[in-house]
Amino acid sequence: MRVTRGMMRRRLVMLLMALFAAILALVGRLFFVQVLQSGWLSGLAKSSWDRTVPLA
């Protein structure tokens with residue numbers, strides 16, 4: 001099978017669309033963690049560092 005210019009262009013477009021979709025998924029996940037889960041994650045971080053130590 002011979003590879004034509006149109007086939008190469010289609011492959012390049014498909015590759016760029018896949019790359020764009022991957023970047024979009026990464027940005028979506030970052031938004032979810034940084035914005036939507038920020039309160040829950042900061043609460044987990046605070047609870048892992050704070051503790052009550054009884055004084056004798």
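FYI, side chains are in, hydrogens and waters are out, and symmetry mates aren't considered; it's all heavy atoms of this structure.
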A.B. asks: Mind checking the CE-CZ spacing from M14 to R9? Nearest 0.5 Å is all I need.
C.D. replies: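 That separation rounds to 15.5 Å.
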A.B. asks: Could you list who else is in F31's hydrophobic cluster, with ILVMFWY side chains joined at under 4.5 Å, directly or through other members?
C.D. replies: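 F32, V33, V35, L36, W40, L41, L44, listed by chain and number.
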A.B. asks: When rounded to the nearest 0.5 angstrom, what is the spacing between CG in L26 and CD1 in I23?
C.D. replies: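 The CD1 atom of I23 is 8.0 Å from CG of L26, to the nearest 0.5 Å.
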A.B. asks: Could you tell me which residues satisfy side-chain contact (heavy atoms from CB on, under 4.5 Å) with R11, sequence neighbours excluded, listed by chain and number?
C.D. replies: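 Listed in chain order: V3, M7.
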